[in-house]
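Predicted model, so just to flag it, every value in this text is computed and none were measured. All chains are named by letter (A, B, ...) in the order of the sequence lines, taking the proteins before the strands, and each is independently numbered beginning at 1. Just so you know, these numbers use all the heavy atoms, side chains as well, and skip hydrogens, waters and symmetry mates.
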There are 2 protein chains.
Amino acid sequence: MTVAEPTRREQILTTAAELFAARGFHGVSVAELGAACGISGPALYKHFPNKQAVLAEMLVSISEELLAVGRARVAAADGPAAAVRALVDWHVEFALGHRPLIIVQDRDWESLPDEASAQVRALQRKYVDLLAGQLRMLRPELAKPTAHAAAQAAFGLLNSTPRAGHAISDAELRTLLASMAVAALRA
Amino acid sequence: MTVAEPTRREQILTTAAELFAARGFHGVSVAELGAACGISGPALYKHFPNKQAVLAEMLVSISEELLAVGRARVAAADGPAAAVRALVDWHVEFALGHRPLIIVQDRDWESLPDEASAQVRALQRKYVDLLAGQLRMLRPELAKPTAHAAAQAAFGLLNSTPRAGHAISDAELRTLLASMAVAALRA
DNA sequence: TCCCTAGGTTAACGATCATTAACCTGGGTG
DNA sequence: CACCCAGGTTAATGATCGTTAACCTAGGGA
């Protein structure tokens with residue numbers, strides 16, 4: 001069976017993720033992005049209506065994936081403690097596997113067009129609330145805003161991943177971050 | 001005694017911090033920044049050589065302050081456990097008091113001119129190493145890169161502060177974040 | 001065979017911006 | 001009093017960039 005060759009749309013999306021992560025959405029010109037894909041400049045408009053749409057597709061799809069898989073893992077978990085651990089593991093797994101996307105997501109989401117921006121914010125909020133909800137089942141003494149803030153802080157910890165230097169192996173980083181996040185959520 | 005009225009330079013710096021935090025360095029034009037200060041456009045060049053210099057002064061000075069005070073608190077602490085706690089407390093105190101600066105620091109430092117960028121990176125590295133060093137004294141089993149990654153993750157947690165909604169009081173947020181960070185570092 | 005269309009190309013346009021030029025003004029100093 | 005200059009002003013400049021226009025080409029279906 002043949003290796004699935006990526007469509008040009010996909011190539012543009014992954015290339016854009018790397019470039020945006022490295023220099024920011026506004027720091028990458030359409031011409032650069034095209035060149036990095038082997039085509040040049042305006043050819044991008046055969047695949048996307050404009051530059052913001054590239055960013056939008058990228059961020060909306062990963063927000064959706066994070067939420068969908070997160071929900072599935074919670075549903076499959078045996079109780080809130082397991083659910084919290086499952087969510088942490090899922091997020092660190094995703095973050096390690098898609099470092100550029102994580103960087104772009106929390107640096108450049110303000111550059112989105114209004115509609116997509118609201119959509120991403122809503123998805124992210126649901127994702128944070130997913131963790132916050134499980135956390136409150138585990139620790140009923142937490143008020144809702146407190147649990148939300150704690151969940152957000154845990155994701156902040158996990159999202160520091162991509163900036164890490166390569167002096168430590170992915171496997172070690174994975175267990176380190178997961179155990180730190182779980183400990184923080186238990187505090 | 002009269003209230004210390006800020007010099008125009010200072011006004012520009014604090015205004016720029018708020019605007020950059022809200023819309024990103026590239027998202028704020030020189031004209032907008034001037035207007036927000038009550039002057040207009042090119043008048044900024046009477047106080048700074050160019051737009052990047054505003055960002056540079058902002059980021060270098062806060063990096064220096066973080067490091068200097070961090071060192072002082074470590075020196076004043078009674079043992080590594082107290083030093084870790086002091087560093088966490090100092091960072092959360094600073095982050096809560098200077099939310100826009102924290103946002104700008106980890107979103108826009110790549111927009112700095114090369115020299116300033118290197119300077120900020122060096123200061124930040126020393127700051128992270130300060131925490132990592134105390135952590136290794138506390139937990140000698142940690143390898144140096146591991147401790148560094150753990151320290152970075154803890155700062156990632158603490159820097160999630162500014163994005164938090166206002167549904168929770170600063171006082172509560174302060175103790176929540178501090179205890180989460182300390183717990184994560186102990187894990 | 002003929003034509004349509006998907007997916008390229010280069011050239012041109014218009015907006016936005018950072019930066020510079022040229023000019024003004026009022027208050028403190030020699 | 002005369003002058004200087006710090007700190008403004010508006011207008012102009014040049015670069016960059018996103019986007020559009022106009023055009024080309026290969027390949028597959030009627």
Within 6.0 Å of CZ in B:Arg125, more than 12 heavy atoms from elsewhere: no
CD/B:Glu141: more than 12 non-hydrogen atoms of other groups inside 6.0 Å: yes
Gap between atoms CZ and C1', on A:Phe25 and D:dC17 respectively (whole Å): 12 Å
Rounded distance in Å - CD (B:Glu32) to P (C:dT16): 12 Å
Smallest separation among heavy atoms of A:Phe25 and A:Asp108, with atom names: N-OD2, 3.1 Å
Spacing of B:Glu10 atom CD relative to D:dG7 atom P, expressed in whole Å: 13 Å
Length of the CD1-P vector between B:Ile12 and D:dG7, whole Å: 10 Å
Where protein sits on nucleotides 5-10 of chain C, one letter per nucleotide: B base, S sugar-phosphate only, - none, heavy atoms under 4.0 Å: --BBBB
Atom-pair distance (NZ on A:Lys51; C1' on D:dT16), nearest Å: 11 Å
Protein-nucleotide distance (A:Leu33, atom CG; D:dC17, atom C1'), rounded to Å: 13 Å
Polar contact flag, side-chain donor to acceptor under 3.5 angstrom, A:His91-A:Asn159: yes
Sugar-phosphate only, base, or nothing, as touched by B:Val54 at under 4.0 Å among non-hydrogen atoms: nothing
Atom pair distance, as rounded to whole Å: CG in B:Leu44 and P in C:dT20: 13 Å
Check: A:Gln124/A:Arg121 side-chain N/O donor and acceptor closer than 3.5 Å: no
Distance, rounded to the nearest Å, where A:Asn50 contributes CG and C:dA15 contributes P: 18 Å
Donor + acceptor pair across side chains of A:Ser63, A:Gln119 (<3.5 Å): no
